[in-house]
Amino acid sequence: MDVTTPANGPWLIVGLGNPGPEYAANRHNVGFMVADLLAQRIGGRFKRAGKAQAQVVEGRIGPPGPENRRVVLAKPMSFMNLSGGPVNALKDFYKVPVANIVAIHDELDIDYGVLRLKLGGGDNGHNGLKSMTKAFGAEYHRVRFGIGRPPGRMQVADFVLKDFSSSERKELDYFVDRAADAVEALVIEGLERAQSTYNS
């Protein structure tokens, strides 16, 4: 399957997180962080998306020519466990095939800062993915940003809603930058080439 088809159709790149300043630096919001960086790179600012409960930036990624891709960056403004509704509304509005959707999200079962790119699969207990899969199926791309498991007996819900630790924050900008690179590679070069570069 050529994941770049239709060639003139946009890609919908979704950073997952929770809205509001109290959540902004949480581990669960790393998808928002990557989306914000991608918006900076294309010179856009997030704006409310009509009737969809989301903020979007429209632009292009890639060099001039056949590899240039039209993209819609999105941050759902529902809470994480309701992400599917806003993303589905954007998918329909922009006429994006499910295979041209990319979800950027935190992943507990991967060490901090490690990336994994994949197409389809389960949600691994992630409520944002669960909501998206329920809304339009599982065959969308994922850029999984490792946050590691909670220490000791800390509950998962508490861990993901805490800010990155001071030691983690020292490398966070680098890892977010690398995740944004991975999203661009996925959209421009396709999944297999992006996986060979960024799946560590």
Side-chain angles (χ1 to χ4, degrees), residues 12-41 44-58 71-91 93-94 96 101-116 121-136 138 140-151 154-166 168-169 171-173 175-180 182-183:
L12 177 57
I13 300 169
V14 182
L16 292 179
N18 286 309
E22 68 271 34
Y23 299 105
N26 288 180
R27 293 182 177 92
H28 222 18
N29 270 43
V30 73
F32 275 18
M33 297 174 198
V34 177
D36 285 337
L37 179 56
L38 287 166
Q40 285 179 30
R41 290 183 178 185
R45 286 190 174 186
F46 279 99
K47 296 176 183 173
R48 197 80 183 187
K51 294 179 179 178
Q53 199 177 358
Q55 291 182 353
V56 299
V57 175
E58 297 180 52
V71 298
V72 179
L73 305 176
K75 296 192 295 186
M77 291 289 109
S78 60
F79 281 91
M80 178 72 86
N81 60 352
L82 299 173
S83 299
V87 177
N88 197 42
L90 294 172
K91 172 184 77 70
F93 180 79
Y94 288 102
V96 179
I101 297 173
V102 182
I104 311 162
H105 64 93
D106 57 310
E107 179 62 62
L108 286 159
D109 287 337
I110 304 175
D111 290 340
Y112 174 60
V114 173
L115 296 176
R116 292 276 193 278
D123 56 58
N124 203 23
H126 192 288
N127 287 330
L129 299 182
K130 194 176 294 183
S131 180
M132 287 176 61
T133 297
K134 185 177 179 183
F136 47 78
Y140 53 92
H141 289 85
R142 298 100 189 276
V143 174
R144 305 158 73 203
F145 186 111
I147 60 170
R149 301 294 304 185
M154 184 185 291
Q155 294 294 313
V156 165
D158 295 331
F159 179 69
V160 299
L161 293 177
K162 283 197 179 334
D163 292 358
F164 286 99
S165 69
S166 56
E168 288 171 334
R169 284 197 297 271
E171 295 182 291
L172 182 59
D173 287 348
F175 289 140
V176 168
D177 192 69
R178 191 165 183 270
V183 173

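Salt-bridge check for Arg27 with Asp163: failed, with every basic side-chain N at 4.0 Å or more from each acidic carboxylate O. Taking the charged nitrogens against the carboxylate oxygens, Lys75 and Asp36 do have a contact shorter than 4.0 Å, which makes a salt bridge.
Note that CG of Asn26 and CZ of Phe159 are 11.0 Å apart. Values are rounded to the nearest 0.5 Å. To the nearest 0.5 Å, the span separating CG on Leu90 from CD on Gln55 amounts to 11.5 Å. Within the model, atoms CG of Asp106 and CD1 of Ile147 stand 4.5 Å from one another, a figure rounded to the nearest 0.5 Å.
Here the closest non-hydrogen pair linking Pro19 and Ser78 is CD-O, 3.2 Å. Contact record, Ala35 with Leu73: O-CD1, 4.0 Å, taken as the closest heavy-atom pair. Closest heavy-atom contact between Ala179 and Val34: CB-CG2, 3.8 Å. Residues Leu108 and Pro150 come closest through the heavy atom pair CD2-CD, 4.1 Å. Residues Val56 and Ala74 come closest through the heavy atom pair CG1-CB, 4.1 Å. Counting all heavy atoms, side chain and backbone alike, Lys91 lies closest to Leu12 at N-CD2, 3.8 Å.
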*Decide yes or no on side-chain contact (heavy atoms from CB on, under 4.5 Å) for Lys162 and His28, but give the supporting numbers first.*
CA-CA 8 Å; Lys162 283 197 179 334; His28 222 18; over 6 Å; no
*Please lay out, stage by stage, how Glu171 and Arg178 fare under the test side-chain contact (heavy atoms from CB on, under 4.5 Å).*
CA-CA 11 Å; Glu171 295 182 291; Arg178 191 165 183 270; over 6 Å; no
*Mind running salt bridge (charged side-chain N to carboxylate O under 4.0 Å, His left out) on Arg116 and Asp111 for me, showing each step along the way?*
CA-CA 11 Å; Arg116 292 276 193 278; Asp111 290 340; over 6 Å; no
*asked:* Pair Arg41, Asp177 - check side-chain contact (heavy atoms from CB on, under 4.5 Å), show working.
replied: CA-CA 10 Å; Arg41 290 183 178 185; Asp177 192 69; 2.8 Å; yes
*asked:* Quick one, Met33 with Val30, criterion side-chain contact (heavy atoms from CB on, under 4.5 Å). Give me CA distance, side-chain angles, the key distance, then yes/no.
replied: CA-CA 5 Å; Met33 297 174 198; Val30 73; 4.3 Å; yes
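A distance-only check finds a donor-acceptor pair linking the side chain of Arg142 to the backbone of Tyr140 [under 3.5 Å]. At distances below 3.5 Å, not a single donor-acceptor pair connects side-chain atoms of Asn124 with backbone N or O atoms of His126. Although no hydrogens or angles enter the test, the distance criterion places no donor-acceptor pair under 3.5 Å between the side chain of Asn127 and the main chain of Asn81. No side-chain donor-acceptor contact under 3.5 Å links Arg144 to the backbone of Glu107. Ser83 places no side-chain N or O within 3.5 Å of a backbone atom of Gly128 that could act as its donor or acceptor partner. With hydrogens and angles disregarded, a donor-acceptor distance shorter than 3.5 Å links the side chain of Asn18 to the backbone of Met80. A distance-only check finds a donor-acceptor pair linking the side chain of Tyr112 to the backbone of Glu168 [under 3.5 Å].
Here the rule is side-chain contact (heavy atoms from CB on, under 4.5 Å) with His141, and of Ile104, Val183, Val14, Val102 only Val102 fits it.
Remark: Gln155 CD is loosely packed, at most 12 non-hydrogen atoms of other residues, nucleotides or ligands lying under 6.0 Å away. No more than 12 heavy-atom neighbours from other residues, nucleotides or ligands sit within 6.0 angstrom of CZ on Phe93.
Contact of the Leu16 side chain with the Met132 side chain is registered, since non-hydrogen atoms from C-beta on lie closer than 4.5 Å. A heavy-atom distance below 4.5 Å is not found between the side chains of Ile13 and Val72. Annotation: side chain of Val96 is in contact with side chain of Ile101 (closest heavy-atom distance under 4.5 Å). Annotation: side chain of Lys47 is not in contact with side chain of Val57 (no heavy-atom distance under 4.5 Å).
In this structure, Phe145 and Phe175 have perpendicular ring planes: the angle between them is above 60°, well past the 30° mark.
Side-chain N/O atoms of Glu58 and Tyr94 include a donor and acceptor closer than 3.5 Å.
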